[in-house]
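These notes concern the structure reproduced below.
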Amino acid sequence: MTSLPHAVDAETPLKASELQVLRAQYEKEGDMVGVQTKFNYAWGLVKSDARRDQQTGVHLLSDIFRVSPERRRECLYYLALGNYKLGNYGDARRYNDLLLDKEPMNLQAADLRRLIDDKVAKEGLMGVAIISGVAIAAGVVGGILFRGKRR
Amino acid sequence: MDDTDLHNAYHDEASMGEDSILSPRGIEHFTRKVTATASHLVGPLTDQSPSAANHYSSAMAEVHKHMKRPNLQRSMFSMAKTTPTDLVRSKFSTSEIQNRALSYLSDDMLQNIPEIDNSYSLFQGFQASFPELSDDGKKHRRRVSRGRKMIDDAPSTPNSPQHLHKLKKERASFMHELEMLGIRKNMASSEIREIDNKIANLAGMRRIILDRLAGLEQEEALLEHDIVDMEGRIEDAQLLVDEAESIAADTPTRDDDEDDLVLDQDNDEFMSKSIYEKLPSASSTPSKSKRHKVIRRKSMPILHEHFEPGTAIREIKAHEDNITAIDFDHPFGTMVSSAMDDSVKVWDLNAGRCIGVLEGHTASVRTLQVEDNILATGGVDATIRLWDLSKAHYDPQGNQDGEEEDGMAFENPDDQPVEPPAGTMSDCPMFTLEAHVDEVTALHFRGDVLVSGSADKTIRHWDLEKGRCIQTLDVMWAAAQASASMGSAEGAWRQTGRSVSGPADFVGALQVFDSALACGTADGMVRLWDLRSGQVHRSLVGHTGPVTCLQFDDMHLVTGSLDRSIRIWDLRTGSIFDAYAYDNPITSMMFDSRRIVSAAQEDVVKVYDKLESRQWDCGAGITQAEENKTPAIVEHVRIKEGYMIEGRQDGIVGVWTC
């Protein structure tokens, strides 16, 4: 059994009722909420499809990181995964690379790095394509205008 | 050269970024390629070979090929570390920025990641607890299914490979479940540890704050003493100024007379009005009056309320002999104790120090009461004496004859208490009430009314304003009246069936409130008198042994008796409201808003918590049990606002929170 979830795990949302159970547990414990309960809720949120939920989840994870030093190491991975899901690749990379620094043999983290790289590359290319497309269009329009002017 | 520049540029980039994205291997590889390409490109120009075009195209193809590799793509874009959308979002969307700020972790924190091996990861915990949370029937179902499977198994041929496979699969699933259970177990234990840590932390914080509170209260007490001191000096100065003025006014004789008159009036007032003025008003809570000249604390100590119930505050070796009576005015205030050795001592509970010894009684004091600064004592010598404790020459801060530091005397309970200087109480006696012909066993005063019960079988009603006896209530006569008028045993004097070792006090306890008087006597009766008519208007029958203590508030009357029971009576109906009993006769009892404390001839004080309906023990018998010591039996107990003092047979007084 693996101690850390694969990235795929984060992509499968829980049922609303299941998330509700986690939330109820979290709220029941109030201020004195335990780490595990907090994590359960946070993880349920991160798995969700709604961006707002994911953000809350990442926030809770960062809380856990702050409050319980003994959980920091693994929290790095959860944070990286959460941020990856949010599309905050900069942060995701920051956490994941730190974890890889400490645990070079961590398979999940290596996987995640690959995923982040892919995503960044793909979206980056897309961005470049869009920008260059816009530039070309502008160039064409400008050229037409320029030519029109010269005439 | 172009290529080296490029190389450097990449290198800088790589070394500058705090987390290197580009693996050095990739960069090197790419650099080699570019260098090679450049040399290829430059090469043909120099040696003018015919295969120049070929060279060029192959070199470019190689670069191109490399460029197409995702690895390089990644490296290129990882310069920015993230995608443009992410960049845009993180710069322009407010909610996004807000959220990021919330979940941002500083580099400091990221640096500080301890190497701790947890027995399970949070994710494993999630997996283990999730089915439980979402579907609590699963476990049960599993059991059922297992049972069913075993039934199913029976008919299938046991030696088929299919069967073996199935069994193996099942074993694997059981193993998995076992693993899950292990994790859950670990989770539970680590959660318990977590809570323990939290409790320890909170307890530590509580201790710190308690210490702070103690410090503040100490400061408060000192400052208050300074204020009193200052007030005294101001008064003196005022007097001097007045005197000087009167001399200047050139009519010295008349003014002097007037001064005397004023002083006389002051004295008069003090003898009469002041007593009841200082006494608490008719409200149920004693008023915290702050009249001038009354050395009264302006602030209420609350420290004891925050101690855990049953905590020892202090232990004072007050007397060498059996304590016969004890009382105090308010928490951390003044305590007065008397013992078989005929001495009456006044104590400062705040410092745990003896203020002085009251001299006057020719025999031991059986009963006493402190209210504000007035002390009433009733003794075996049949007299009642009244004392004004505010007249004591006592400096709560001062060292005594430069001997020891203030606190030293009581820090060590085994030490001999520091003897107070003689004559500190010489101004305290106010007056003496002499009318009883036998020892005074009980007294109580409120306002200017004092009642006393004596072994001469009478109760006397005194007016403190005039300092004389107003009426005498004959208990025997009242009992006879009652039996005569009602023609029954009800209310009549009767000897209690219970044989008591040693004669009990005829009047065991008294309490007065305006014209209402309650008295408990040796026949086990509690009589309620109307002082205006001098008649008993109600008798409470129930106790089968002499009543030794009683107290009432606006609702209930609580009595304790040698028949071992505490009875709580409803004052309006006269019926029993509640009752409970201990193993031994009750010698003393008192209640405050929450607790009924009683001394039942044990080394602990019996406490009944009215709010929680809970019985518990408080006292030296508990704390010293571990040390295998048996403290003396508690004889008398007093409680006010959760601050309890108890006097024992060996002369030790214990102070506790309750």
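Every chain is numbered from 1 and lettered A, B, ... according to where its sequence line falls, protein lines coming before strand lines.
Other residues, nucleotides and ligands place no more than 12 heavy atoms under 6.0 Å from the NZ atom of Lys185(B). Counting heavy-atom neighbours within 6.0 Å of Arg52(A) CZ, excluding the residue itself, gives a total of 12 or less. Arg171(B) CZ: 12 or fewer foreign heavy atoms inside a 6.0 Å radius. Within 6.0 Å of CD on Gln162(B) lie no more than 12 heavy atoms contributed by other residues, nucleotides or ligands.
Separating the CD atom in Gln124(B) from the CG atom in Leu4(A) is a distance of 8.0 Å, to the nearest 0.5 Å.
In this structure, no portion of Lys15(A) lies under 4.5 Å from any heavy atom of chain B. At a 4.5 Å heavy-atom cutoff, the contact between Glu70(A) and chain B is made by backbone and side-chain atoms alike. When heavy atoms are compared at a cutoff of 4.5 Å, Tyr77(A) does not approach chain B at all. Looking at Ile130(A), neither its backbone nor its side chain comes within 4.5 Å of chain B, counting heavy atoms on both sides. Residue Leu79(A) touches chain B through its side chain alone, counting heavy-atom pairs closer than 4.5 Å.
Of all heavy-atom pairs between Leu22(A) and Phe126(B), the closest is CD1-CE1, 3.9 Å. Minimum heavy-atom separation, Arg71(A) to Ser121(B): NH1-CA, 3.9 Å.
Without hydrogens or angle criteria, Gln36(A) side chain to Met187(B) main chain gives no donor-acceptor distance under 3.5 Å. The backbone N or O of Val35(A) lies less than 3.5 Å from a partner atom in the side chain of Glu194(B), making a donor-acceptor pair.
In this structure the side chain of Leu122(B) reaches within 4.5 angstrom of the side chain of Ile64(A), judged on heavy atoms.
Ring geometry for Tyr78(A) against Phe123(B) counts as tilted: the plane angle lies between 30° and 60°, on a 0 to 90° scale.
The choice from Leu60(A), Asp101(A), Asp9(A) that makes the most heavy-atom pairs within less than 4.5 Å of chain B is Asp9(A).
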